[in-house]
Amino acid sequence: MRIAVAGSIATDHLMSFDGRLADQIIPDQIEHLSLSFLVDELDVRRGGVAPNICFGLGTLGLSPVLVGAAGADFEEYRAWLDRHGVDTSSVLISELRHTARFVCTTDREQNQIASFYPGAMAEARNIEIKPIYDRLGGIDLVLIGADDPAAMVRHSEECRSRSVPFAADPSQQLARMEGPEVRSLIEGAAILFTNEYEKALAEQKTGWSDEQILDRVGIRITTLGSKGARLDRKGEPSIHVPAASVDKLVDPTGMGDCFRAGFLAAHSWGLPLERSAQVGNATAVHCLEADGPQEYTLTPQSLLARMEASYGKEAADEVRPHL
């Protein structure tokens with residue numbers, strides 16, 4: 001199964017300030033604010049929903065295709081993804097802008113000052129799916145993740161017009177998108193991914209009820225954090241899949257992307273929906289137990305051990321032939 005993943009490509013620049021941000025602010029000078037912090041640590045992490053999902057898929061043995069826009073500074077990131085089985089040939093490289101960047105300073109009380117530079121992400125709307133489809137000789141599924149909203153809408157419209165199955169995964173961009181954009185993104189999706197809050201927001205933005213959305217998508221997957229995930233299909237009872245067991249909590253960043261990678265990999269292997277969600281959960285906790293969305297180590301042995309510990313030997317045995 002050939003999966004293309006469209007979405008944001010970004011790096012996170014995370015700095016630690018060994019003090020209190022509030023102590024640096026003089027209330028009667030707030031209109032002339034000018035602050036500078038001497039930080040103790042700088043952690044540069046690879047991120048963006050599309051590379052996060054592609055990294056997970058590549059680790060699970062697939063060859064996902066990354067679709068998105070980045071800057072000329074993308075080459076080191078590209079080499080990392082290439083080494084982990086990701087096809088980066090379809091990334092659009094901007095001639096004018098840097099790769100999107102999140103810059104954040106966190107003080108010792110976990111207060112933050114942050115900025116997000118979208119950069120090349122704004123050019124993702126110029127990407128067409130057809131040349132990618134032609135280069136690959138076909139695409140089985142396009143996941144449309146959080147990105148420039150115009151790009152998300154364009155990709156969904158093109159997939160519908162070309163009868164290419166797609167998964168809608170609007171994530172944090174739901175807050176920015178207007179009702180018509182959300183309706184266009186969701187309509188006809190083979191899979192719709194949201195968390196509980198995004199599920200309610202999608203219903204509010206579209207004006208569609210839960211049942212009306214189920215009329216328009218094949219499978220609705222709602223991630224529930226520590227409670228696992230819920231799977232819904234029209235005319236069928238909901239399936240609740242408990243979360244996988246966790247050894248240690250380190251950093252939840254990218255956990256949802258990791259779930260999607262595990263679910264889509266298992267789905268591509270032809271496993272049932274419930275088992276696919278179990279693989280998604282078992283994959284996601286690898287990310288939860290690491291510091292960063294692409295810093296985890298996942299092996300066949302570690303995944304099978306987590307599957308057996310969380311869902312039983314039968315579940316692990318069903319996954320084993322695909323690893």
Side-chain angles (χ1 to χ4, degrees), residues 2-15 41-105 114-127 129 131-132 135-136 142-148 151-152 155 169 171-173 250-262 264-265 283-284 286-287 290-298:
R2 203 62 194 266
I3 300 173
V5 182
S8 62
I9 301 171
T11 56
D12 298 338
H13 294 244
L14 309 177
M15 290 166 280
E41 296 180 12
L42 169 63
D43 185 11
V44 181
R45 295 181 183 173
R46 307 170 188 92
V49 297
N52 288 348
I53 296 170
C54 282
F55 176 85
L57 287 167
T59 301
L60 287 163
L62 281 76
S63 299
V65 180
L66 177 61
V67 180
D73 55 341
F74 178 64
E75 288 311 304
E76 183 179 353
Y77 198 170
R78 183 198 297 275
W80 163 265
L81 293 169
D82 287 345
R83 291 197 302 273
H84 288 86
V86 179
D87 180 341
T88 61
S89 301
S90 293
V91 174
L92 183 153
I93 300 300
S94 171
E95 297 180 359
L96 302 174
R97 299 177 175 91
H98 291 290
T99 301
R101 191 165 301 169
F102 176 68
V103 181
C104 181
T105 300
S115 301
F116 181 73
Y117 166 71
M121 190 176 81
E123 298 182 28
R125 65 186 65 186
N126 299 325
I127 298 173
I129 299 297
I132 304 170
R135 176 175 71 84
L136 299 171
V142 178
L143 183 139
I144 304 170
D147 203 348
D148 173 65
M152 298 167 71
H155 296 334
D169 184 15
S171 189
Q172 66 267 25
Q173 290 295 53
V250 178
D251 180 7
T253 305
M255 187 177 175
D257 299 330
C258 203
F259 170 85
R260 286 147 175 78
L264 291 175
T283 304
H286 284 74
C287 180
D291 192 6
Q294 296 178 36
E295 304 306 318
Y296 59 92
T297 300
L298 188 152

Looking only at atom types and distance, does a side-chain atom of Tyr77 sit under 3.5 Å from a main-chain N or O of Gly47, one as donor and one as acceptor?
yes

Taking atom [atom1] of [X] and atom [atom2] of [Y], what is their separation to the nearest 0.5 Å?
X: Ser171; Y: Asp257; atom1: OG; atom2: CG; answer: 7.0 Å
X: Ile53; Y: Asp169; atom1: CD1; atom2: CG; answer: 5.5 Å
X: Glu41; Y: Leu14; atom1: CD; atom2: CG; answer: 10.5 Å
X: His155; Y: Asp147; atom1: NE2; atom2: CG; answer: 6.0 Å
X: Leu143; Y: Ile3; atom1: CG; atom2: CD1; answer: 8.5 Å
X: Arg46; Y: Glu76; atom1: CZ; atom2: CD; answer: 6.5 Å

What are the two closest non-hydrogen atoms of [X] and [Y], and how far apart are they?
X: Gly56; Y: Tyr296; answer: CA-OH, 3.3 Å
X: Thr88; Y: Arg78; answer: O-NH1, 2.9 Å
X: Ile9; Y: Ala100; answer: O-CB, 3.4 Å
X: Cys287; Y: Gly292; answer: SG-O, 4.2 Å
X: Cys258; Y: Thr283; answer: SG-O, 3.2 Å
X: Val49; Y: Gly7; answer: CG2-CA, 4.2 Å

Any [X] side-chain heavy atom under 4.5 Å of [Y] side chain:
X: Val103; Y: Met15; answer: yes
X: Ser89; Y: Arg135; answer: yes
X: Asn52; Y: Gln294; answer: yes
X: Asp87; Y: Leu136; answer: yes
X: Phe74; Y: Leu81; answer: yes

Exercise for the section: Determine, stepwise, if the pair Leu62 / Leu264 fulfils side-chain contact (heavy atoms from CB on, under 4.5 Å). Expected result: CA-CA 10 Å; Leu62 281 76; Leu264 291 175; over 6 Å; no

Could you tell me whether Asp291 and Arg45 have a side-chain N and a carboxylate O separated by less than 4.0 Å?
yes

Exercise for the section: Kindly indicate, with the supporting measurements, whether the criterion side-chain contact (heavy atoms from CB on, under 4.5 Å) is fulfilled by Arg101 and Asp73. Expected result: CA-CA 11 Å; Arg101 191 165 301 169; Asp73 55 341; 2.8 Å; yes

Evaluate whether atom NE2 of His98 has more than 12 neighbouring non-hydrogen atoms of other residues, nucleotides or ligands under 6.0 angstrom away.
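Atom NE2 in His98 is not crowded, with 12 or fewer foreign heavy atoms closer than 6.0 Å.
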
(Q) Let's go through Asp251 and Glu295 carefully: what are the C-alpha distance in whole Å and the side-chain angles of both, what is the deciding distance for side-chain contact (heavy atoms from CB on, under 4.5 Å) to 0.1 Å, and is it a yes or a no? (A) CA-CA 11 Å; Asp251 180 7; Glu295 304 306 318; over 6 Å; no

What is the ring orientation for Phe55 with Trp80, classed by angle as parallel under 30°, tilted 30 to 60°, or perpendicular over 60°?
-> parallel

